[in-house]
Each structure stands twice: as structure tokens, then as C-alpha cells.
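One structure below.
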Protein chains: 2
Amino acid sequence: MIAACWHSSGANDRLSPAVITIREVAQRAKVSVGTVSNVLAGSESVRPELRRRVEQAMRELDYQPNEIARSLKTRQTKTLGAVVSDLTNPFYPMLLRGAEDAALARGYLLFILNTDDRAELEQRALSLLRARKVDGILLVTTPGSDVESTLGPGFVPPVVFVDRTPSSPTADYIVTDNRRGARMCTNHLVSRGHRRIGFVSGSTELSTGRERLDGYLEVLRQAGIEPNPVFTRHGEFRLEPAYRITKELLLESSPPTAIFAANSLTGLGALKAIHELGLRCPQDISLAVFDDVPFADVIQPRLTSIAQPAYEMGRLGAEVLIARIEEKERSAPKRIELAPELNVRESTGPAPR
Amino acid sequence: MIAACWHSSGANDRLSPAVITIREVAQRAKVSVGTVSNVLAGSESVRPELRRRVEQAMRELDYQPNEIARSLKTRQTKTLGAVVSDLTNPFYPMLLRGAEDAALARGYLLFILNTDDRAELEQRALSLLRARKVDGILLVTTPGSDVESTLGPGFVPPVVFVDRTPSSPTADYIVTDNRRGARMCTNHLVSRGHRRIGFVSGSTELSTGRERLDGYLEVLRQAGIEPNPVFTRHGEFRLEPAYRITKELLLESSPPTAIFAANSLTGLGALKAIHELGLRCPQDISLAVFDDVPFADVIQPRLTSIAQPAYEMGRLGAEVLIARIEEKERSAPKRIELAPELNVRESTGPAPR
DNA sequence: CTGTTAGCGCGTTCAC
DNA sequence: GTGAACGCGCTAACAG
């Protein structure tokens with residue numbers, strides 16, 4: 001009787017030794033499947049006696065509810081998708097830890113996918129997630145992507161943008177106040193007497209890239225410094241390009257006395273260039289970076305940086321997304337800007353005179 | 001007619017605007033659902049004329065097969081679980097990129113979960129994944145975990161261990177040859193004349209921790225150096241503890257002239273301690289670390305390190321796992337050890353005399 | 001309060 | 001070659 005659930009229909013029967021269904025439980029507890037389902041749902045309206053019998057049967061059979069079958073019926077899978085640009089960019093793991101914690105707390109699991117900032121990969125990721133019927137998507141969007149075209153104008157499933165703002169104005173998003181962060185950082189440099197400040201940028205096709213650049217330019221103008229176009233270089237948010245262009249920048253006839261790198265990767269690239277040219281930091285050149293990575297506080301010189309609340313961003317993102325999923329009627333889009341923080345360390349000093 | 005698929009049964013009906021089923025397609029193409037299913041499966045035995053009509057109907061309706069329903073029938077979800085210790089340890093993102101690439105290439109999606117090396121969280125992760133009916137699990141296992149007790153003696157679903165070897169001898173695993181890597185690294189130090197070599201270890205409850213320690217001790221003995229127990233300190237594979245114990249270590253009356261850190265995080269901790277004590281590296285003290293992280297090559301001094309093929313490990317892990325899932329009859333467990341690589345850079349120099 | 005039953009969307013027989 | 005009918009495991013509606 002107990003072994004009655006063993007099938008022998010061949011190759012794809014991998015799961016069968018453990019395939020105890022609600023029906024077997026019902027049979028063993030001598031109740032109906034409906035009652036078992038009620039017990040599962042924690043319904044109050046089950047006589048304690050029966051509840052006890054059902055629970056015992058479950059234990060004896062090592063019953064495990066099948067979430068897939070449940071999903072088919074309830075039309076929700078209790079899964080989310082998280083689409084990021086690149087997991088090896090140290091910013092995203094922290095964000096994802098936050099998202100995971102919030103998701104698990106609400107009973108959701110997370111599919112994670114990378115896009116390498118390629119629109120076609122974002123497209124693929126979104127449609128894979130939709131086919132898997134995830135209940136919602138956390139998205140670090142990519143330039144040139146068209147989310148609406150693959151998810152439809154209604155955004156099905158719902159999407160919350162994190163880290164970068166969407167092209168669509170009607171969606172939720174959680175981002176850092178990048179302009180403010182860039183202003184804080186540039187201000188710090190200006191206040192130390194720097195007037196020739198280079199900017200190793202990310203892509204201006206990204207909201208983060210644009211806003212950080214804007215903040216930088218804004219402060220320069222306020223300080224009466226005419227922005228020198230030569231000082232703004234395109235670092236693609238990646239280490240290698242940043243390394244190359246910083247080297248070029250520092251080899252100019254009248255090089256900057258300080259460099260502001262648009263994220264941790266470009267900061268590392270800039271640092272490599274500085275070292276390689278035998279420059280001392282901060283005596284010869286100051287360096288400040290957007291993103292506070294674990295090693296910012298460890299490497300020599302310790303890096304002045306703008307810290308983003310990455311964990312918080314992920315946590316909030318997942319929470320907003322789940323609220324959106326579970327809401328009864330559509331509420332107004334949430335637009336959240338998180339406050340960045342300036343950590344002044346040894347990589348920035350007074351401008352050499 | 002087209003709008004016939006719109007439901008209006010209330011709150012959980014979020015998906016309904018897009019819920020085109022195989023039935024609607026059949027109706028529109030004026031064929032039976034069986035035929036549509038055959039077209040979907042790419043069966044040859046469908047008249048071209050009908051196939052054309054079906055495909056057109058699919059396009060017109062923007063039909064999207066429901067993977068959930070398919071899973072329920074085929075008893076496979078085309079999803080994998082990846083359970084790692086901590087995403088913010090820079091080793092794992094690379095591993096996961098490899099796993100993702102291999103998985104996507106075979107049509108699988110990846111759930112990712114962290115355990116923070118806590119057995120109860122591993123347990124939870126495994127049972128969540130099993131309830132979601134993932135087809136297989138990639139596992140960076142944790143000390144004190146009991147995989148068999150939550151997945152059963154048969155390992156359902158199948159598990160491939162990565163990075164760390166399992167307690168169970170009958171499972172597949174893909175790891176680095178840690179002992180060899182540690183030997184290479186220690187050998188390098190010994191060959192530069194160091195005889196007092198400190199080891200900032202990870203947990204010896206982990207295979208990686210044990211094996212790296214073993215390799216280190218082995219080389220010392222071969223070189224006729226009596227291992228000094230004081231020189232082996234427990235760094236927990238984390239930055240903070242490593243920082244503290246390295247400081248202690250360097251404050252000994254007769255401190256080591258070289259330090260071997262068991263992974264990148266302990267390496268960073270050790271470096272912080274070295275800087276803080278005002279020691280010069282490598283003149284006063286040499287530092288070598290296990291794990292080659294992006295910044296190993298950037299920070300000053302550039303770090304001598306042991307590189308592990310993390311991407312490859314993830315890729316292979318997913319491939320072995322999928323092979324295991326799809327195999328007709330159980331084959332022998334695969335045990336793969338990947339070769340580490342020594343990168344000699346500036347953080348290691350000759351022993352001071 | 002409990003049992004029965006009709007689907008959820010798809011794949012898979014079999015008759016035709 | 002095609003299509004009707006059944007079942008995967010579960011939930012929910014309804015009858016008792």
C-alpha cells in the first residue's frame with residue numbers, strides 16, 4: 001500500500017520515489033483531499049482530530065506539496081526574476097543579497113540573470129522569465145532595451161527598476177540619488193582646492209552615467225570652473241577602458257590634479273593607471289570613486305568614495321515589487337531615490353600648488 | 001472572439017490579459033489542440049498547410065507556452081538551484097556566471113540562494129528548491145550540513161557539489177585542486193628564502209580550508225621546516241577576522257616574514273593589517289593569497305596569488321549536473337579537480353635577512 | 001465541517 | 001494525419 005505510489009514508466013521518472021500526492025495523504029488519513037488541502041492552507045475550519053490525523057499522515061509519508069501544481073492552479077509561482085547587468089560588478093551582489101532576503105521573507109524565490117548590458121540579452125532574459133511565469137521582475141535595465149515591447153504595455157509581469165531609471169515613466173523604481181552623490185564628491189574635491197578635475201565616466205546612455213556626469217558638471221559651474229571637455233572621458237563602467245583613458249588623461253600636457261571615477265570598476269582602472277605612471281596618490285593626484293566596495297577601505301591609499309545603499313536598494317526593490325504583485329488595485333508608481341554617502345579617506349588630498 | 005480569453009474573476013487575475021492557451025490557438029487555426037501540441041514539439045507528422053495555420057495563429061495571438069503547465073506534465077521544470085555561501089565573496093559571482101551560461105545554453109534557468117555558511121540556511125535552501133521541483137542543484141556545501149537528510153539518500157533532485165567536496169562519497173563534484181594550489185604558493189615563498197611563513201586560514205571544517213592548510217604544511221615539512229603552530233591562525237575566510245589575527249601574528253616577538261592567506265577576503269584583511277602596522281610589502285613582509293580577484297592585479301603592491309578557474313568550475317558544474325539529470329541510467333560519480341595557477345606579482349619578495 | 005468535483009494548461013494516448 | 005479525452009497535483013466552489 002505504501003509502495004503504491006511507485007511508478008515504473010521509465011526514464012523521466014526520476015522524481016517518483018518521492019512523489020507523494022495529496023491524494024495518498026488523504027487516503028492514509030482517511031479523509032478527503034479537500035480536507036488535506038484545507039489543513040495545508042491552515043484553514044480554521046478543520047476538526048482538530050482530523051487535522052492531527054492528516055498531519056501525522058504527512059509526516060509518515062514525508063509528504064511535500066508540489067509547488068508547480070499549486071502554481072498552475074493559483075496562477076502565481078511565488079518566484080521573482082532579478083536581471084542585472086553583471087554579477088561580477090561588486091555592486092550587484094550586495095543588491096541581490098538584499099533582494100533575496102526580502103523575497104525569502106515573503107516566500108518568493110529569485111531567478112538571477114545577467115545581461116552584460118546588451119539589449120538583446122535583456123530581451124531574452126525577460127521573455128524567459130515571462131515564460132516561467134515569474135510573478136514579478138527586478139530589472140537593472142540596459143541602454144537600448146525596450147521592456148514594453150517584450151512585456152506588453154501593461155508590464156506583465158510587473159517590473160521594478162533598480163539602480164537605473166527606466167525609459168518608461170509609469171514604472172516603479174529605486175535608485176540612488178546619483179546627481180547628489182556626484183555633487184558631494186566633486187564638491188569635496190573642489191573644497192580641497194582642485195580646479196582641474198578629470199571625470200572617468202560610465203556610459204551616458206545609462207541614467208547612472210548621465211546623472212553622475214551632470215552632478216559633476218553642475219558643481220564645476222557653480223564653482224566658476226569652466227568644464228574642460230578633454231577632462232571627461234568615457235570609461236564604460238569597466239576596468240580596462242578606464243585604465244586606458246586615465247592613462248591618456250594623465251599624459252595630457254596639463255593633466256588634472258584630481259580624478260573622479262564613475263564607479264568602482266573605473267576607479268580601479270584609474271588607480272592602476274596612476275600606479276603605472278609612478279604617480280603618488282594623493283600627493284600628485286587625488287582619486288575619488290563612486291561606489292564603496294569592500295576593498296576601498298583596505299587598499300593603499302584607502303579610497304575616498306561615495307557609498308550607495310546597495311543592500312537596501314535590493315531589499316526595497318523586492319518589497320515594492322511584492323507589494324505591487326499582491327496589491328488589489330493599481331496604485332501610483334513609487335519613485336524612490338536613496339541617499340548616497342561620502343566617505344573621505346586618504347586617496348584625496350589638497351591640490352598640489 | 002479575440003477578446004474571449006479575457007477573464008474577470010478578480011484579484012489574482014493579473015496574468016489574464018496575456019493568457020493565451022493552446023486551446024485558443026487551436027480554435028483560431030481551426031485544428032485540434034493535439035495538432036498544436038505536435039507543432040510545438042516539432043513533430044514531422046503535421047501537414048505543412050496545418051502547421052502554417054497554427055504558426056500564424058500563434059503569432060497573431062502572441063501565444064506563449066506556459067512552462068508551468070508543461071512542467072506539471074513532463075515532470076521537469078528546466079530550472080536549477082545554485083546554493084552558494086555568499087554572493088559578496090568575489091569568487092562566487094564568476095562561478096555563477098559560468099553556471100548561468102551553461103544552464104541557459106541548455107534551456108535551464110537558475111535560482112540562486114545564499115547560506116552564509118549556516119547549515120540551517122542550507123537546509124532551508126535545499127527544501128525550498130525541492131518544493132519548487134528544480135531538476136538539479138549546484139551546491140557549495142556548508143560545514144555541519146546534512147544534505148541526505150533533506151534530499152533523501154538518493155539525492156532527489158540530483159546534486160553536484162562545487163568548490164567544496166561533499167561529505168557523501170557518492171556524489172559528483174567539481175573543485176579546485178586546493179592542496180596543489182597551496183603547495184605551489186608555499187613553494188614559491190620557500191623558494192624565495194622564507195622559513196617563517198604564517199598561514200591565515202579558512203575554516204578547517206571546509207574541505208577548501210583543510211586542503212589548503214594541508215598543502216601548506218606538506219611543503220613546510222618537505223623543506224625541513226618545523227611548522228610553528230603559532231603561525232597558523234583561523235581567519236574564517238572573512239576579512240575582519242583575518243585582519244585581527246594577522247595583526248596579532250605580526251605583533252609576535254618573532255613574526256613571520258611571509259603570509260599566505262587562504263582566500264581573497266583573508267588576503268585583504270591581512271593587507272589591511274600590514275598597512276596599519278606600517279610594514280612595507282614585500283620588503284618587510286611578503287603576502288600571497290589564494291584566489292585571484294580582479295583587484296589583485298591593480299592594488300599596490302600587485303598581489304601574488306593562486307588563480308582558480310571559477311567560471312570554468314561553474315560551467316562544468318552545470319554541465320555535469322544537466323548530464324546527470326538527462327542521463328538514461330545512473331553513471332559513476334564524476335570527480336573533477338581543476339588545476340590552479342600561480343601568478344607571481346610584487347607582493348612577494350625575498351626573505352629579509 | 002467535510003467530501004466531491006471541476007478545472008488550471010499542457011502532453012499523450014488512442015480511436016477515427 | 002487528426003482530434004477527443006484523460007491526467008499531472010493542486011485549489012476552490014459547492015453540495016451534503
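Computed from a predicted model, the values in this text were never measured in an experiment. Each chain gets a letter, A, B and so on, in the order the sequences are listed, and its residues count up from 1.
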Separation of atom [atom1] in [X] from atom [atom2] in [N], rounded to whole Å:
X	N	atom1	atom2	result
B:K133	D:dC10	NZ	C1'	12 Å
A:N38	D:dT11	CG	P	10 Å
A:Q27	C:dG3	CD	P	13 Å
B:N66	C:dG11	CG	C1'	13 Å

Is there a donor-acceptor contact under 3.5 Å linking the side chains of [X] and [Y]?
X	Y	answer
B:S32	B:T35	yes
B:Y311	B:D101	yes
A:E122	A:T141	yes
A:D163	A:Y173	no

Is [X] near enough to [N] that one of its side-chain N or O atoms lies under 4.0 angstrom from OP1 or OP2?
X	N	value
A:T35	C:dG3	yes
A:R70	C:dC8	no
B:S37	C:dG11	yes
A:R75	D:dT11	no
B:R23	C:dC10	no

Looking at every strand, decide which applies to B:T21 at a 4.0 Å heavy-atom threshold: base, sugar-phosphate, or nothing.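 Sugar-phosphate only.
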Students often get this wrong, so: under 4.0 angstrom with heavy atoms, is A:V46 touching a base, only sugar-phosphate, or nothing?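 Since only primed, P, OP1 and OP2 atoms lie under 4.0 Å of A:V46, the category is sugar-phosphate.
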Carboxylate-amine/guanidinium contact B:E120 B:R118, below 4.0 Å: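 Yes, this pair counts.
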Is it true that A:K334 and A:E327 make a salt bridge, defined as a side-chain N closer than 4.0 Å to a carboxylate O? no
Can you pull out the residues from residues 47-55 of chain B that lie within a 4.0 Å heavy-atom distance of DNA chain D?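 Going residue by residue through residues 47-55 of chain B, the ones with a heavy atom under 4.0 Å of DNA chain D turn out to be B:R47, B:L50.
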Side-chain donor or acceptor of A:R324 paired with backbone N/O of A:S331 under 3.5 Å: yes
